[in-house]
**Q** 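Have a look at this one.
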Amino acid sequence: MMKSIAKWFDERTGYRDFVHDALYERIPGGSRWRYVWGSTLVFTFSVQVITGIFLWMAYSPSSQTAWESVYFIQHEMQGGWLLRGLHHFTAHAMVVLLAIHLMQVIIDGAYNAPREVNFWLGLILMQIVLGLSLTGYLLPWDQKGYWATQVATKITTVIPAVGPSLQRLIVGGPTYGHHTLTRFFAMHAGVLPMLLVMFLVLHVYVFRRHGITVKDPDRKPEESFWPDQVLKDAVACLGVLVVVLLLVFRHAPADVGEISQLSDQGRLGDVLGAELGAPADPSETYGAARPEWYFLFLFQLLKYFPGESEVYGAIVLPGLVFLVMALMPFWGHWKLGHMFNVGYIFCLLAGAGLLTFLAVQEDRADPDHAIAVDEAEIKSQRIMELVRGPDGISTNARTLLQNDPKTHGPEMFARNCSACHRYDGHDGMGEIVTLPAAASDLGQFGSREWIRGVITNPAGPKHFGPTVNGSFNGEPVGTRFTEGEMADWAKENIPNMQQQEIDGVVEFLLAQSGRVDLAPPDPALVEIGKKFYAEGSENASACSECHAMTVGDETLGEPGGGYPDLSGYASEDWLRSFLRDPGSENHYGDRNAMPPFAERLSQKDLEIILRWLRNDWHEPDRNFDEGPATE
Amino acid sequence: MEQNEPKQRPEQTAEAAGSRRNFLTRAMACLLGGITGIVPVLTGLFFFADPLRSRRKQAEGNSDDEFLKVASVDELLVGKPRRVVVVNDRTDAWNLYRQDTIGVVFLLRTADGQVSALNANCPHLGCQVSFKSDDQLYRCPCHDSSFATDGEIANDTSPSPRGLDPLDTEVRDGSEVWVKFQNFVAGTAERNVE
């Protein structure tokens with residue numbers, strides 16, 4: 001039955017001859033391990049097509065969704081990390097196999113007549129594969145791919161005359177955006193694979209026409225492609241697959257229990273497969289921008305072509321090197337020519353190897369690069385926490401990170417506040433400022449210790465002490481605060497207060513701030529504090545004599561007395577109002593010595609600073625009882 | 001085309017040798033080649049099957065009992081169905097949309113102060129019905145289904161296998177209309193929650 005169907009089909013298609021021709025190619029001298037490389041390339045390309053099509057089903061090419069969809073593939077979809085890992089590392093394997101295949105062709109002189117055209121087809125295929133690598137690197141739209149590809153596309157501008165227009169055509173506009181991704185994706189998943197298939201068909205067709213290049217046909221009796229060579233090819237492909245899988249699993253925890261725990265939580269994508277950095281952000285300096293390892297030599301090469309001469313390093317030199325390679329068949333049949341070719345390809349590989357080594361070496365020796373890599377790592381961890389946080393991704397992941405106080409608070413503080421204030425002694429980013437501080441140290445702002453300090457020692461070094469170094473509107477601040485009324489009050493009254501009263505005022509003020517990162521205020525102490533605040537004691541005068549405060553419907557003291565009103569002290573609203581205009585009547589009034597930030601900062605930046613000062617950001621597993629979760 | 005002479009095939013000599021080794025080579029080539037090829041295909045299919053898995057719910061509803069507040073009784077006229085959009089947090093792959101449209105219902109207030117709700121999706125194939133006040137019928141714009149105000153099928157030629165899907169409704173605090181919003185599988189006579 002099967003036989004008659006097969007016969008029917010064969011009479012109409014001639015498939016038997018086709019299959020026969022495909023399988024029973026003659027291999028004089030027998031099958032050999034050294035013939036496997038071309039087949040491994042076909043295999044890796046097939047893997048890329050299969051995994052690529054499945055990835056395509058979940059990938060969304062736009063600058064609002066590319067990173068987000070890749071995040072979803074990697075961390076949320078079942079087997080996504082494995083699929084993406086296979087695609088990513090098979091691409092790497094392909095580049096290596098390509099180099100091996102090329103070397104072998106040159107060493108064996110397989111480009112000599114009549115095989116020149118096939119050699120050129122191979123060189124074209126190599127360019128297509130490199131094009132696939134380059135376009136694929138951008139698609140996740142993470143910082144690494146974004147900045148590395150920026151460099152690669154900017155290079156085209158150095159081409160005389162057409163450069164800038166060419167760059168616009170590639171990028172899809174003057175700057176990177178939606179159309180960069182749609183174009184790169186169409187190239188990566190459409191145009192380039194199609195070209196690759198076309199040239200591959202030609203390559204294999206011409207290869208079959210001339211047969212395999214055999215050095216020693218009498219080595220062994222002749223064999224055919226099937227099954228002898230197929231078995232060797234299959235073993236080699238399996239080997240490639242095993243290496244790729246090892247790379248996918250390279251960060252797997254050694255402990256099996258840990259793996260199954262990750263698997264239960266759906267967190268395998270956090271450690272396995274290809275990495276995904278923080279989402280692309282044009283507003284950030286990304287110091288860790290480097291191309292994929294196999295392009296590093298080109299990256300390093302450009303360092304030796306300063307300024308206008310870049311076109312030589314980026315275009316002319318690689319072009320010439322490639323041209324010489326393409327011309328190899330013309331002198332390859334002379335012994336000396338062949339030796340030149342072999343020497344040439346070895347020198348090229350050694351040169352590329354040396355440049356790659358230098359690139360890595362220079363990065364290793366550069367502390368700034370190490371810091372940049374660490375920062376990139378911190379941000380890619382942080383974005384994961386935010387995406388999994390209570391707000392999820394409402395628009396895109398980049399905004400999530402941009403609005404994150406934990407990520408951007410330190411630099412905002414350093415830029416806007418650290419001229420006068422300090423943060424635990426530094427500028428917010430950990431840099432020690434040489435100029436003396438001219439205002440309080442806000443590192444522990446709003447904490448119990450900080451409030452206690454303001455009350456008991458307002459002129460101390462963490463609070464108003466440094467103001468003696470300051471000036472405001474051209475006038476030195478002098479001892480306005482250090483010997484001011486608050487300092488006097490503390491000197492006179494603190495020694496006469498009971499410990500419980502001091503603790504009470506601290507708790508009472510803390511209760512106004514509504515901080516979520518600190519242990520909640522003790523209600524009994526809050527009551528004691530409130531009483532002292534409003535009425536004072538026999539021996540000490542009340543806070544409300546100067547500082548009015550509204551708590552609920554109650555007003556303690558007389559508002560509008562020209563002293564800071566402490567309603568909602570250190571709360572989000574209080575801090576917002578204070579930062580916007582510290583000289584307003586309910587804050588420092590005419591004693592003020594701090595510039596208003598209402599105009600200086602955007603609403604967004606102001607919110608970041610005030611939330612950062614209050615340790616108010618999403619923290620997974622934050623333990624509220626153990627004080628601020630600072631790093 | 002006729003072939004006059006059978007070709008001399010190299011495999012015939014190999015077959016003539018008929019060695020055990022040759023069979024092993026074939027079997028191993030098939031086995032190893034198969035294993036190598038199947039890995040990316042199975043990985044892809046497993047990934048592709050992701051939608052079949054029930055995902056942990058990211059969006060949290062407004063209430064614990066899946067009822068959502070959709071309107072107040074005062075907005076409804078007795079006997080006149082009113083189209084209302086149901087709003088809740090909605091997850092779309094990686095995006096979490098707060099308070100976004102998740103569906104449409106028709107609310108009907110009865111004389112005794114009760115409110116009933118119908119899912120606006122036609123049970124035939126899911127087009128959204130609208131209410132035509134001139135003949136007091138819900139009409140589907142796609143395949144000529146029509147339904148009475150109580151949701152029952154109103155035309156003999158209706159392709160719909162069942163009437164419009166009623167939803168559990170409660171009036172809370174005397175004036176708030178709460179609906180347990182659900183979608184049902186289209187095209188079947190039974191009502192199965194999607």
Side-chain angles (χ1 to χ4, degrees), chain A residues 14 17 20 23-26 43 46-51 53-55 57-58 60 65 67-69 71-73 76-80 82-87 90 222-224 226-235 237-241 244-245 266 387-388 390-397, chain B residues 1-3 6-60 89-100:
Chain A
D17 279 346
H20 178 268
L23 289 182
Y24 295 101
E25 181 206 6
R26 295 167 49 247
F43 165 68
S46 313
V47 172
Q48 295 306 74
V49 171
I50 295 165
T51 52
I53 286 175
F54 282 110
L55 284 169
M57 296 182 188
S60 174
T65 57
W67 187 91
E68 290 75 3
S69 63
Y71 157 79
F72 202 69
I73 292 169
E76 298 288 339
M77 294 180 74
Q78 67 181 7
L82 178 58
L83 186 69
R84 189 169 164 255
L86 281 177
H87 195 74
T90 303
E222 179 178 301
E223 285 178 330
S224 58
W226 170 261
D228 306 280
Q229 188 62 45
V230 172
L231 177 61
K232 290 192 170 66
D233 288 356
V235 171
C237 294
L238 189 60
V240 171
L241 183 68
V244 167
L245 284 172
V387 167
R388 288 169 174 159
D391 295 332
I393 306 175
S394 59
T395 50
N396 58 52
Chain B
M1 273 250 208
E2 289 275 315
Q3 277 187 330
K7 272 194 210 165
Q8 190 64 35
R9 295 180 173 179
E11 85 270 26
Q12 285 171 338
T13 48
E15 274 164 17
S19 68
R20 185 180 164 76
R21 190 186 154 276
N22 200 287
F23 171 75
L24 261 179
T25 309
R26 282 161 190 257
M28 287 303 287
C30 285
L31 182 71
L32 296 182
I35 292 173
T36 313
I38 205 84
V39 169
V41 175
L42 285 185
T43 307
L45 288 173
F46 182 61
F47 175 80
F48 182 69
D50 179 80
L52 298 179
R53 184 175 66 126
S54 61
R55 194 173 293 287
R56 73 197 149 83
K57 227 180 163 189
Q58 280 185 345
E60 311 227 326
D89 292 351
R90 185 171 71 86
T91 306
D92 176 7
W94 55 86
N95 277 130
L96 172 59
Y97 299 111
R98 295 281 180 207
Q99 298 302 298
D100 196 14

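Chain identifiers are assigned alphabetically (A, B, ...) following the order of the sequence lines, protein sequences preceding nucleic acid strands; residue numbering begins at 1 within each chain. Model, not experiment: these values are computed from the prediction. All values below come from the heavy atoms of this structure, side chains included, with hydrogens, waters and symmetry mates left out.
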**Q** Please find the pair of heavy atoms, one from Phe46(B) and one from Gln78(A), that lie closest to each other, and give the distance.
**A**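 The pair with the smallest heavy-atom distance is O-NE2, 2.9 Å.
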
**Q** Heavy-atom distance under 4.5 Å to chain B: side chain of Ile50(A), backbone, both or neither?
**A**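 The side chain, not the backbone.
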
**Q** When only pairs under 4.5 Å are counted, which of Gly392(A), Ala58(A), Ser394(A) shares the most heavy-atom pairs with chain B?
**A**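 Highest number of pairs under 4.5 Å: Ser394(A).
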
**Q** So, do Met57(A) and Phe48(B) sit near enough that their side-chain heavy atoms are less than 4.5 Å apart?
**A**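 With C-beta onward as the side chain, the pair touches.
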
**Q** Can you tell me how far CH2 of Trp94(B) sits from CG of Asn396(A), rounded to the nearest 0.5 angstrom?
**A**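 Spacing of CG (Asn396(A)) from CH2 (Trp94(B)) equals 11.5 Å.
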
**Q** Please look at Leu83(A) and chain B and tell me whether the side chain, the backbone, both or neither of the residue comes under 4.5 angstrom of a heavy atom of that chain.
**A**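 Contact with chain B is through both the backbone and side chain of Leu83(A).
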
**Q** Can you name the nearest heavy-atom pair linking Arg98(B) to Pro390(A), along with the distance?
**A**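 Looking at all heavy atoms of both residues, the shortest contact is NH2-O, 2.6 Å.
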
**Q** Please identify, among Val235(A), Asp233(A), Thr395(A), Ile53(A), the residue contributing the most non-hydrogen atom pairs under 4.5 Å to chain B.
**A**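 Heavy-atom pairs under 4.5 Å are most numerous for Thr395(A).
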
**Q** Below 4.5 Å from any heavy atom of chain B, which atoms of Ser46(A) appear? Answer side chain, backbone, both or neither.
**A**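 Interface part for Ser46(A): neither.
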
**Q** For residues Phe47(B) and Gly79(A), report the shortest heavy-atom separation together with the two atoms involved.
**A**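 Of all heavy-atom pairs spanning Phe47(B) and Gly79(A), the closest is CD1-C, 4.3 Å.
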
**Q** Counting only non-hydrogen atoms closer than 4.5 Å, does Asp391(A) touch chain B with its backbone (N, CA, C, O), its side chain (CB onward), both, or neither?
**A**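 Both parts, backbone and side chain.
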
**Q** What's the shortest heavy-atom distance between Ala29(B) and Ala234(A), and which atoms?
**A**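 Shortest heavy-atom contact: O-CB, 4.1 Å.
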
**Q** Rounded to the nearest 0.5 Å, what separates atom CD in Gln229(A) from atom OG1 in Thr25(B)?
**A**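 Rounded to the nearest 0.5 Å, the CD-OG1 separation comes to 12.0 Å.
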
**Q** Please state whether the side chain, the backbone, both or neither of Leu31(B) comes within less than 4.5 Å of a heavy atom of chain A.
**A**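 Contact with chain A involves no heavy atom of Leu31(B) at all.
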
**Q** Taking all atoms of both residues into account, what is the closest heavy-atom pair of Arg53(B) and Glu76(A), and its distance?
**A**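 Between these two residues, the closest heavy atoms are NH2-O, 2.7 Å.
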
**Q** Need one label for Leu241(A): side chain, backbone, both or neither, based on atoms under 4.5 Å from any heavy atom in chain B.
**A**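 Contact with chain B is through the side chain of Leu241(A) alone.
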
**Q** Would you mind telling me which of Leu245(A), Leu55(A), Thr65(A), Thr90(A) has the largest number of heavy-atom pairs within less than 4.5 Å of chain B?
**A**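 Option with the top pair count is Thr65(A).
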
**Q** Locate the shortest heavy-atom distance separating Pro227(A) from Asn22(B); write the atom from each residue and the value.
**A**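 Answer, listing the atom of Pro227(A) first, then Asn22(B): CG-OD1, 4.2 Å.
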
**Q** Does any non-hydrogen side-chain atom of Thr43(B) lie less than 4.5 Å from one of Thr51(A)?
**A**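 Side-chain contact under 4.5 Å: no.
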
